[in-house]
Each structure stands twice: as C-alpha cells, then as structure tokens.
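Residues: numbered from 1 along the sequence shown.
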Amino acid sequence: MIRRNYAPDQKARMVLHAKKIIAEGRFQYDEEDKTLPLAFMSIKQKLTPNTNQITYYSTRTQRAGHGDLAWAVLQAFGCESPFEEFKSE
C-alpha cells in the first residue's frame with residue numbers, strides 16, 4: 001500500500017469532486033456491500049489548527065476501518081478529465 005499525504009486544498013477538491021459525481025448519479029456501487037458507504041461516512045470536515053483551512057480526515061471505526069476505501073475512490077475520481085462532458089444515453 002502506498003501512503004499518500006494531501007494538503008487541505010487537495011482534500012477539499014477531492015471531496016467536492018466526489019460530491020458532484022455522486023449528486024449527478026454517475027457513481028454506482030453494490031448496494032448490498034455496506035463497507036463503502038460506511039467508509040464515505042467516516043470522512044469528516046474540520047478546520048486546520050494554524051491556518052483555519054477546511055480539511056477532511058477519516059475517523060477509525062471497527063465497521064468502516066479508517067475510510068481508506070473511500071479515499072481510494074476519491075483518488076480514482078481524480079483520474080476523470082475535468083473537461084470531459086458526460087451525456088446520458
């Protein structure tokens with residue numbers, strides 16, 4: 001596993017991009033598997049102590065782990081071209 005560290009603005013872009021994809025109904029997953037929704041719900045928002053920037057972090061729970069699965073999905077969402085247009089067929 002590769003450990004990645006993101007600056008607060010990078011995390012914010014990842015989360016906002018994911019929210020957009022999900023709101024547009026472009027993300028599908030197996031609804032029987034509760035692991036992924038729990039991983040997404042483990043991502044929380046807070047302010048950084050020194051600069052008061054909004055950042056995101058994952059809480060650790062026994063059921064959802066540390067949100068690693070959700071962060072992996074957010075990382076994959078970043079591979080989408082920001083200029084690509086999606087059309088319903």
Side-chain angles (χ1 to χ4, degrees):
M1 179 164 74
I2 298 172
R3 180 175 170 84
R4 300 205 183 270
N5 291 312
Y6 295 100
D9 62 321
Q10 291 173 305
K11 290 180 187 179
R13 279 195 304 273
M14 290 171 70
V15 169
L16 293 175
H17 187 72
K19 284 179 150 184
K20 180 178 185 282
I21 288 172
I22 293 167
E24 291 173 351
R26 299 191 288 123
F27 179 59
Q28 297 178 4
Y29 64 95
D30 180 2
E31 66 183 43
E32 297 295 319
D33 181 7
K34 305 301 182 204
T35 307
L36 185 57
L38 288 170
F40 272 104
M41 289 188 292
S42 75
I43 297 176
K44 308 291 184 201
Q45 179 180 312
K46 70 176 181 178
L47 295 177
T48 60
N50 294 333
T51 60
N52 285 330
Q53 283 182 285
I54 293 175
T55 190
Y56 295 88
Y57 68 100
S58 298
T59 56
R60 185 175 299 278
T61 66
Q62 189 171 12
R63 286 184 67 196
H66 187 253
D68 291 339
L69 184 57
W71 287 109
V73 171
L74 269 59
Q75 176 70 36
F77 285 166
C79 294
E80 175 181 270
S81 170
F83 304 107
E84 189 172 338
E85 291 188 29
F86 292 89
K87 298 177 184 170
S88 311
E89 295 186 30

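G67 and S42 get closest at one heavy-atom pair: CA-OG, 3.3 Å.
In terms of the salt bridge (Lys or Arg N to Asp or Glu O under 4.0 Å) criterion, K46 has no residue partners (sequence neighbours excluded). Shown here are the side-chain contact (heavy atoms from CB on, under 4.5 Å) partners of L36, two or more places apart in sequence or in another chain: F27, Y29, F40, L69, V73. Here A7 pairs with D9, Q10 under the side-chain contact (heavy atoms from CB on, under 4.5 Å) rule; sequence neighbours left out.
Taking NZ of K19 as the start and CG of L74 as the end, the distance is 11.0 Å to the nearest 0.5 Å. Atom OH of Y6 is separated from atom CZ of R13 by 11.0 Å, given to the nearest 0.5 angstrom. For the atom pair CZ of R26 and CZ of F77, the computed distance is 8.5 Å after rounding to the nearest 0.5 Å. A distance of 5.5 Å separates NZ of K11 from CH2 of W71, quoted to the nearest 0.5 Å.
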Inset, instruction - Run the numbers on T55 and L47 for side chain to side chain contact (heavy atoms under 4.5 Å, CB included), then give the verdict. - result: CA-CA 6 Å; T55 190; L47 295 177; over 6 Å; no
